[in-house]
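What follows is a single structure, written as structure tokens, with notes after it.
All values derive from a computational prediction rather than experimental measurement.
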Amino acid sequence: MLDSFISFETLRELKRLFHWGPIIALGVIIICSIMAVLDSILWYWPLDTPGGSLNFLTLINWTVMILYNYFNAMFIGPGLVPRGWKPERTQDCAYLQYCKVCEGYKAPRSHHCRKCNRCVMKMDHHCPWINNCCGHRNHSSFTLFLILAPLGCIHAAYIFTMTMYTQLYNRISFGWNSVKIDMGVSRHDPAPIVPFGISAFAVTLFALGLALGTTIAVGMLFFMQMKVILRNKTSIESWIEEKAKDRIQYYQTDETFIFPYDLGSRWKNFRQVFTWAGSPEGDGIEWKLREGCHPFTLTIEQLKQKADKRVRSVRYRAVEEFSGACCPLTKGVRTLFSTPCTEEPRMKLHKGDLVLATRGLKHWLYGDKLFEGELPEDAIRVRGWFPRRCVVKCVSDSGSDQSDDEKKTR
């Protein structure tokens with residue numbers, strides 16, 4: 001029985017590979033790695049000189065470390081809050097949010113992921129490229145992948161550039177009025193071990209573009225991650241802190257929000273994620289606190305923001321049908337090209353539907369669909385993005401006069 005359960009869990013984890021994110025990410029890694037190996041043989045034969053051997057071994061090392069940290073981030077996972085979890089002291093439940101899906105309380109720093117359908121420890125974000133969340137347990141592996149991938153791609157890009165340069169240099173002949181490039185066998189060298197023709201040149205050029213694009217895109221993500229790690233935050237917590245400042249400024253209160261997990265030293269914050277043992281500090285439930293801070297400072301702020309969101313939310317009624325398409329073609333050019341760049345769902349609308357908008361963009365709104373009458377406790381919440389042009393504001397445009405049942409949230 002145990003063996004069958006383990007095999008089921010293994011198969012479920014392996015299914016993460018069959019998603020567009022890992023397929024594209026692994027495709028880029030494989031293409032760049034194979035082309036870099038082949039081109040390094042052409043440009044700097046590893047058996048001739050110590051430099052060639054060092055270049056080749058370094059290239060292989062990049063590939064191994066990139067894949068190791070990539071699969072660690074994917075399969076180790078962020079760590080999940082146990083289903084039905086609640087704090088040891090009953091009175092602490094008042095400081096925490098309750099998750100109906102997981103049938104338990106959200107531990108400090110945890111958030112419910114709609115994609116994973118579980119509450120995730122110290123959730124940073126759900127990453128489509130690893131088809132998993134980045135959180136407490138895999139934050140270090142994910143960040144190492146983000147730095148190793150650009151470094152490996154820079155090395156590969158240098159090999160691609162030097163290979164194309166040396167191969168083209170040996171094939172270019174200059175005339176009085178023309179320049180001729182012979183993509184056949186090199187005139188100056190013996191026949192190469194790996195042939196370099198027009199197709200090899202095209203694939204190398206394509207791999208160079210992938211390597212440079214990956215260096216820029218993934219490198220930017222690395223700097224974003226390091227920025228929050230050195231403050232012992234996550235991307236979500238940075239957003240919560242910004243909303244706390246906005247809430248205090250909006251209501252002109254005398255409150256001062258101090259982020260409780262910033263230990264005051266970048267090195268100490270760094271050591272919360274990266275340790276010599278390879279596992280992060282803490283158990284994912286209880287955390288080291290800044291001196292003078294309450295263990296539930298952040299969760300109390302989240303409850304205040306959730307209450308404020310209900311007050312500031314706006315009720316709308318649908319006047320146009322919306323199919324729930326990600327990029328609707330019939331709702332105007334501006335709506336089409338300003339579609340939210342997120343994996344959050346789109347919400348299907350019918351004429352007369354009531355929705356409670358909690359946030360929005362210029363041409364899109366995000367909110368919950370409201371239903372008439374009382375709903376059962378286990379009712380599934382319907383929410384998502386929808387075009388602003390499909391709805392009009394109700395006369396009662398504030399969410400503050402709604403019934404308690406309509407205000408229930410996860």
Side-chain angles (χ1 to χ4, degrees), residues 9 12-13 16 69-127 130-146 225-241 259-265 267-290 293-303 410:
E9 287 294 315
R12 191 174 68 175
E13 288 300 313
R16 293 188 184 278
N69 284 283
Y70 179 83
F71 287 124
N72 264 357
M74 178 186 290
F75 293 124
I76 289 179
L80 304 175
V81 178
R83 291 186 183 275
W85 179 87
K86 59 182 180 180
E88 294 181 359
R89 299 194 308 170
T90 306
Q91 57 267 36
D92 291 339
C93 294
Y95 304 128
L96 300 171
Q97 299 180 69
Y98 185 79
C99 178
K100 290 182 179 179
V101 177
C102 298
E103 299 179 338
Y105 288 90
K106 298 180 184 179
R109 311 191 78 178
S110 69
H111 301 273
H112 186 86
C113 174
R114 298 188 190 97
K115 291 291 182 181
C116 300
N117 206 32
R118 287 292 300 273
C119 286
V120 176
M121 295 177 178
K122 194 189 171 187
M123 179 178 173
D124 186 88
H125 68 288
H126 183 90
C127 178
I130 63 172
N131 195 21
N132 207 341
C133 280
C134 172
H136 173 59
R137 292 177 59 195
N138 64 351
H139 206 170
S140 58
S141 296
F142 181 76
T143 308
L144 286 173
F145 166 73
L146 293 184
Q225 284 297 309
M226 286 305 300
K227 183 178 179 181
V228 294
I229 286 174
L230 292 177
R231 292 170 172 81
N232 200 15
K233 297 178 184 176
T234 64
S235 301
I236 294 177
E237 289 167 351
S238 295
W239 185 40
I240 292 172
E241 187 177 31
F259 185 73
Y261 304 113
D262 187 347
L263 302 180
S265 165
W267 174 246
K268 289 181 180 179
N269 292 336
F270 180 83
R271 293 284 293 168
Q272 295 301 299
V273 176
F274 296 95
T275 63
W276 293 115
S279 57
E281 292 281 348
D283 59 0
I285 302 294
E286 297 182 356
W287 308 93
K288 287 185 178 180
L289 296 170
R290 186 171 184 155
C293 287
H294 190 275
F296 300 105
T297 297
L298 187 66
T299 58
I300 291 171
E301 175 59 33
Q302 288 177 262
L303 291 172
R410 192 177 1 248

Q) By salt bridge (charged side-chain N to carboxylate O under 4.0 Å, His left out), which residues pair with D92, not counting sequence neighbours? A) R89

(Q) Using the salt bridge (charged side-chain N to carboxylate O under 4.0 Å, His left out) criterion, which residues pair with R16? Sequence neighbours excluded. (A) E13

Q.
Which heavy atom of S238 sits nearest to which heavy atom of V228, and what is that distance?
A. OG-CG1, 3.6 Å

Q | Option passing side-chain hydrogen bond (donor to acceptor under 3.5 Å, both in side chains) with D124 (candidates H111, Q225, H136) | A | Q225

Q.
If you apply the rule side-chain contact (heavy atoms from CB on, under 4.5 Å), what do you find for R83 with R118, and how did you get there?
A. CA-CA 8 Å; R83 291 186 183 275; R118 287 292 300 273; 3.1 Å; yes

Just how far is it from atom [atom1] of [X] to atom [atom2] of [Y], taken to the nearest 0.5 Å?
X    : Y    : atom1 : atom2 : value
H112 : C102 : NE2   : SG    : 5.0 Å
Q272 : K288 : CD    : NZ    : 5.0 Å
C113 : L80  : SG    : CG    : 9.5 Å
K115 : C127 : NZ    : SG    : 12.5 Å
T299 : Q97  : OG1   : CD    : 8.0 Å
L289 : F259 : CG    : CZ    : 10.0 Å

(Q) Can you list everything that forms a side chain to side chain donor-acceptor pair (under 3.5 Å) with N138? Sequence neighbours excluded, please. (A) none

Q: With sequence neighbours excluded, tell me which residues meet side chain to side chain donor-acceptor pair (under 3.5 Å) with E301.
A: R247, Q305

Close side-chain approach of [X] and [Y], heavy atoms under 4.5 Å:
X    : Y    : answer
L263 : N269 : yes
W287 : N232 : no
H125 : F142 : yes
P87  : C93  : yes
L144 : F274 : yes
L96  : W85  : yes
P78  : R137 : no
V81  : V120 : no

Q. Does the side-chain contact (heavy atoms from CB on, under 4.5 Å) test come out yes or no for M123 and S110, once each step is laid out?
A. CA-CA 6 Å; M123 179 178 173; S110 69; over 6 Å; no

**Q.** Set of side-chain contact (heavy atoms from CB on, under 4.5 Å) partners for R290, sequence neighbours left out
**A.** I258, D262, C293

Which pairs of donor and acceptor atoms, one on a side chain in residues 278-286, lie under 3.5 Å apart (sequence neighbours left out)?
unit_1 : atom_1 : unit_2 : atom_2 : d
D283   : OD1    : I285   : N      : 2.9
D283   : OD1    : E286   : N      : 2.9

Q) Does the cation-pi check pass for R109 over Y261, that is, NZ or CZ under 6.0 Å from the six-membered ring centre and within 45° of its axis? A) yes

**Q.** Derivation of the side-chain contact (heavy atoms from CB on, under 4.5 Å) call for H294 and Y95
**A.** CA-CA 11 Å; H294 190 275; Y95 304 128; 4.2 Å; yes

Q: Give the C-alpha distance, both sets of side-chain angles, the deciding distance and a yes or no for side-chain contact (heavy atoms from CB on, under 4.5 Å) between K122 and V273.
A: CA-CA 11 Å; K122 194 189 171 187; V273 176; 3.7 Å; yes

